[in-house]
Chemist: 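I'd like to ask some things about the structure below.
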Amino acid sequence: MFLSLRTEVEAALEGALSELEFPTDDLGIEEPPEDVESVLASSVAFRLASEAGAPPPQVAGQLADEIDADELTYVSEIQTQGPYLNFLPSDAYFAETLTAGTDESYGALEDREESVVVEHTSANPTGPVHVGRARNPIIGDAVANLLDIAGYDVDRHYYVNDAGRQMAVFTWAYETFDEDDLDGEPERDRIEYDLVRYYRKGNAYLENASEADREAAEAEIESIMQGLEAGDESAYERVSEVVDQVLSGMKGCLARLPAEFDEFVKETRFMRNGDTNDLVARLKELDEAVYEEDAWQLELEAHGIDKNLVFLRSDGTSLYATRDLAHHEWKFDNYDRAVTVLGEDHKLQARQLDTTLELLGNDTEGLQQVLYSYVNLPEGKMSTRRGTGVDLDDLLDEAIDRARQEVEDRLDDRIRDDDLDEDDIERIAHQVGIGAVRYDIVSKQPTKAITFEWEQALDFEAQSAPYVQYVHARCCGILEEAGLDPDTGLATQDIELESLEADLLATEAERDLLETIARFPAVVDEAADDLEPHQIATYTRTFADRFNAFYRECPVLADDVDPEVREARLALVAASKHTVANALSVLGVEPPRSM
RNA sequence: GGGCGCGUAGCUCAGUCCGGAAAGAGCGUCGGACUUCUAAUCCGACGGUCGUGGGUUCAAAUCCCAUCGCGCCCGCCA
């Protein structure tokens, strides 16, 4: 409803301005501070003062007089407060919000008939997912969810770097060393924990071996890369044996979040199908192409990038960037938009990619990156190769353990008599534990650096997932108590929506809650435009505050509540439930029925 | 050295893109609220030269310039 109201206010204000022969290029629309009654305001009078030859408050008065609120649907009144114009919501605004909110898909925007591929995580299949990279699947999954609810047709891709030197090293190590050569036991009973030991062993060997041994190993690694480049089936199969196993383990870890993918796209695909070769040929034709020091490169200085992009090594093999160009042209062929979630260290490459794609004649309008900075440990960076870092599995285990402890501690002083059984405790521990980890990461601007600390990552206090989840559980508790199904829209249940009177929701707490619910679709819209899921997290916090105020002030099921008020409040609780459930689902945080 | 990002309360962060109404939360500290639809909740108090210095503007945390601190990048690695 907020979006409709904004459109209406803009039109009305623009009309008034042109009627008074004022410029209409800047309407000065803004959201007022909390203690102001209106839902939308304008500060346009400031700018008009000199032109009108009158002080701003007087100009505001003129504008307010010019607009007839009776002709507006969602605005009941236009007040001036000094130089500000305040637009107050009408009964229809509240009534329509209440009805719309009772639909279980509230917040989902209209289908835009536009496809978008969200590529995220894409971690090299070298070993267990560690916390340093955990921001990627969590942010990526939320971005995908966000675009989905905002009306886009979303596919989620994991780009598998199976053609790089790292995988050749891994393959060589896997084939060369035996179990006996490895250091220690796998840290966990899953395949990537087992195999990463070969990778670490191989890297250590290359660092410490004698010159001759190292050269022999390098020759083997080189031959694997050449084999891949030549489209040699046996080289592909050798590498795949490692890649597929490690990747399957990593999928298992990511599924715990859960972060699921529609497709795992291997970069060798673009070597095997000839796209990379074709692309190299086209790159050579560009004006920017130069052949220097036996390697083909692109000079991008004229495009504001002073680092050359090498696209063909002196030994004739392609590079990651070359294949990624082919990969992205493939994305352009199949999708309207392409969003990639990347660590900030890939920023320069992203610019090179974008610029080069454009030079190749692509429209890169639909290509966007979401950049985040890595999570570091207090003692420094995490690294799979060196084996430093906290595994995501360990973080999730610890989160669940602590959440379980929390549930058990609270068991004794529960008021609600709903007898949580073992399954409930386990369910809540998972929902809260994993939710807390995801929420902590997704609620912050991705560009801010994070230093990982256990205590901070696993804080279940306010401004965390459980705080918001608790609101959801409260909503469900009330609805269930009233004999309603929390998960289903009210339209199909035993409650008459037509006879609902939003004006029965007259207290300040009810109005504030309803206004907050009304804003949800607009928040989705803006967050999706900006590719910023943390805006949804910020919203859930405000929402939870508003709901808790309502919960405190307004009993729903108490005996002395008028039956009609009770119905209206039930509808408000249902609308709240769907709002918070859908907001949480964007964040990938599960909404518990009870906790 | 150059490019990019970050700097808001003791701590963790919103707000910055698109300038407007005495800067907002949470944690921590202190003090309150469970015979009530769930106290993982709520209420109150304390706490801020928005890194610093200039500039633009009727108005700057927000825009511009400079400067300091931290991070990332500047590979024929990915």
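Order of the sequence lines sets the chain letters (A, B, ...), proteins ahead of strands, with each chain counted from 1.
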Chemist: Measure the acute angle between the ring planes of A:F547 and A:F543, then classify it against the limits of 30° and 60° as parallel, tilted or perpendicular.
Modeler: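 Correct class here is parallel.
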Chemist: From the list B:C18, B:C6, B:U12, which nucleotide is the closest neighbour of the side chain of A:K448?
Modeler: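 Ranking B:C18, B:C6, B:U12 by closest atom to the A:K448 side chain puts B:C6 first.
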Chemist: Taking atom P of B:G75 as reference, at what distance in whole Å does atom CD1 of A:I305 sit?
Modeler: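 So the two atoms are 13 Å apart, to the nearest Å.
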Chemist: Please give the distance between the P atoms of B:C64 and B:A60 as a whole number of Å.
Modeler: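 It comes out at 16 Å once rounded to the nearest Å.
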Chemist: Closest approach to the side chain of A:D545, judged atom by atom: which nucleotide of B:C42, B:U41, B:C77 is it?
Modeler: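 So the side chain of A:D545 is nearest to B:C42.
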Chemist: Tell me whether the side-chain N or O atoms of A:S314 pair up with the base of B:C76 as donor and acceptor below 3.5 Å, since no angle test is needed here.
Modeler: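 Per atom types, the contact qualifies.
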Chemist: Could you go through residues 43-60 of chain A and list every donor-acceptor pair under 3.5 Å that involves a side-chain atom there, pairing it with any protein atom two or more places apart or in another chain?
Modeler:
{"unit_1": "A:S43", "atom_1": "OG", "unit_2": "A:E30", "atom_2": "OE1", "d": "3.0"}
{"unit_1": "A:S43", "atom_1": "OG", "unit_2": "A:R47", "atom_2": "NH2", "d": "3.3"}
{"unit_1": "A:R47", "atom_1": "NH1", "unit_2": "A:D26", "atom_2": "OD1", "d": "3.2"}
{"unit_1": "A:R47", "atom_1": "NH1", "unit_2": "A:D26", "atom_2": "OD2", "d": "2.7"}

Chemist: I want to confirm an ordering. Mapping A:P32 and A:A321 to their closest nucleotides on RNA chain B, which one lands closer to the 5' end?
Modeler: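 So the residue in question is A:P32.
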Chemist: From CZ of A:F452 over to C1' of B:U12, roughly how many Å is that when rounded to an integer?
Modeler: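 Atom-to-atom, A:F452 to B:U12, this comes out as 15 Å.
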Chemist: So which nucleotide does B:C70 pair with, by the Watson-Crick or G-U wobble rule with both distances under 3.5 Å?
Modeler: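 Looking at the geometry, B:C70 pairs with B:G5.
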Chemist: Classify A:L319 by what it touches in the nucleic acid, base, sugar-phosphate, or nothing, heavy-atom distance under 4.0 Å.
Modeler: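 If one applies the 4.0 Å heavy-atom cut-off, A:L319 turns out to touch the sugar-phosphate alone, with no base involved.
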Chemist: A:Q463 CD to B:G28 P: how many Å, rounded?
Modeler: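 Rounded to whole Å, this separation is 12 Å.
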Chemist: Determine: side-chain N/O of A:R552 to OP1/OP2 of B:C43, distance under 4.0 Å, yes or no.
Modeler: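 Answer is yes, contact under 4.0 Å.
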Chemist: Checking only heavy atoms, does the side chain of A:N548 share a donor-acceptor pair with the base of B:A39 at less than 3.5 Å?
Modeler: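 In this structure, the two groups form no donor-acceptor pair.
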Chemist: Less than 4.0 angstrom from a charged side-chain N to a carboxylate O is my criterion; do A:R569 and A:E510 meet it?
Modeler: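 Counted as a salt bridge, because a side-chain N and a carboxylate O are separated by less than 4.0 Å.
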Chemist: Answer yes or no: is there a side-chain heavy-atom contact under 4.5 Å between A:L228 and A:V239?
Modeler: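 Answer yes - side chains close enough.
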Chemist: B:G75, B:A21, B:A40: which one has an atom nearest the side-chain heavy atoms of A:S38?
Modeler: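 Out of B:G75, B:A21, B:A40, the nucleotide with an atom closest to A:S38's side chain is B:A21.
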Chemist: Is the A:F520 ring parallel, tilted or perpendicular to the A:Y539 ring (thresholds 30°, 60°)?
Modeler: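 Geometry flag for A:Y539 against A:F520: parallel rings.
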Chemist: Please confirm whether any donor atom in the side chain of A:E406 sits under 3.5 Å from an acceptor in the base of B:A40, or the reverse.
Modeler: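 Such a pair does not exist between side chain and base.
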Chemist: Under 4.0 Å, counting only non-hydrogen atoms across every strand here, what does A:Q166 touch: a base, just sugar-phosphate, or nothing?
Modeler: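 Sugar-phosphate only.
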Chemist: Classify A:E480 by what it touches in the nucleic acid, base, sugar-phosphate, or nothing, heavy-atom distance under 4.0 Å.
Modeler: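 No contact.
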Chemist: Nearest to the side chain of A:K444 - B:C13, B:U41, B:A40?
Modeler: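 My answer, after comparing the listed nucleotides, is B:C13.
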